[in-house]
**Q** 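Take this structure first; my questions come after.
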Amino acid sequence: REAVPVLVDIAGSLDPSLPESEERIALLRDAISSMDPEDELLNVLDSPDMKYRGKSFAIEILGITRSKKAVSKLVDYLDDMRRDLRRASAEALGEIGEPGSTGHLLEVSQKDVDAHVRRSAIKALGNIQAKDAFKVLMDLLEVEKYYDVIEEIVESLIKIDADIFLADIPKYRDNVR
């Protein structure tokens, strides 16, 4: 387990856009996930020496392993200035499925300046199946301009309550139907 920070740093140094890095990152993710790495990954998030891509990688694994201990740190990262850390945190919170993070994800889904981050928060709300998000997502459906975000809103609304959402489908804008 002492190797976890080193492996996270290596994974963070790889360029995920390069095809040869994809396999290495997947192998490192699997290796770290198999080590019961929760405490070490939480320490990585606190480390000022770890670069943001390493932290993003650690956040991803905390989501995959459904770390309940990570929820408060992930909620804090929803306000980080780095888009990739906000997006990774929203995705991880959705995988963990902690209902207590719903309010924070709702705020991000409405207010984050980055559409990728908003989309990740919306997806997380759908994964959590947060009933209290339904009305907010319906309101967002009326104002969101990016098609990929609209698509995610629709998918999340269906996950949360398909019957109610589909009952009103003729009333939706053309780009939703």
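Note that the structure is a prediction, hence the values are computed from the model and not measured.
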**Q** Is a salt bridge present between R82 and D80, judged by a nitrogen-to-oxygen distance below 4.0 Å?
**A** yes
**Q** For the backbone of L45 and the side chain of Y77, can you confirm whether one donor and one acceptor N or O come within less than 3.5 Å of each other?
**A**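 Between the backbone of L45 and the side chain of Y77 there is a qualifying donor-acceptor contact (under 3.5 Å).
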**Q** Keeping the roles fixed (side chain from S56, backbone from A88), state whether a donor-acceptor pair exists under 3.5 Å.
**A** no
**Q** Would you call L140 and S109 a side-chain contact if the rule is heavy atoms closer than 4.5 Å?
**A**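 Result yes, sub-4.5 Å side-chain heavy-atom pair found.
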**Q** Is a donor on one side and an acceptor on the other found under 3.5 Å between the side chain of R29 and the backbone of I61?
**A** no
**Q** What do you reckon, is CD of E22 surrounded by more than 12 foreign heavy atoms closer than 6.0 Å?
**A**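 Count not over threshold, so no.
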**Q** Is the side chain of S34 donor-acceptor paired with the backbone N or O of A31 at a distance under 3.5 Å, no angle test?
**A** yes
**Q** Other residues, nucleotides and ligands only: do more than 12 of their heavy atoms fall within 6.0 Å of CD on E23?
**A**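 At most 12 heavy atoms, drawn from other residues, nucleotides or ligands, come within 6.0 Å of this atom.
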**Q** Do the side chains of D114 and R86 get close enough for a salt bridge, i.e. N-O under 4.0 angstrom?
**A** no
**Q** Test your reading of the model: is there a side-chain donor-acceptor pair from R66 to the backbone of E95, 3.5 Å cut-off?
**A**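 Pair found, side chain donor or acceptor close to backbone of E95.
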**Q** Is any side-chain heavy atom of E40 closer than 4.5 Å to a side-chain heavy atom of M35?
**A**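 They are not in contact (no side-chain heavy atoms under 4.5 Å apart), so the answer is no.
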**Q** Backbone N or O of L14 within a donor-acceptor pair of the S21 side chain at under 3.5 Å?
**A** no
**Q** Does a side-chain N-to-carboxylate-O contact under 4.0 Å join K68 and E98?
**A**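 Yes, this pair counts.
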**Q** Looking at I160, is its backbone amide N or carbonyl O close enough to the side chain of K131 to form a donor-acceptor pair, meaning the two atoms are under 3.5 Å apart?
**A** yes
**Q** Check for a donor-acceptor pair, side chain of R87 on one end and backbone N or O of V117 on the other, with a separation under 3.5 Å.
**A** no
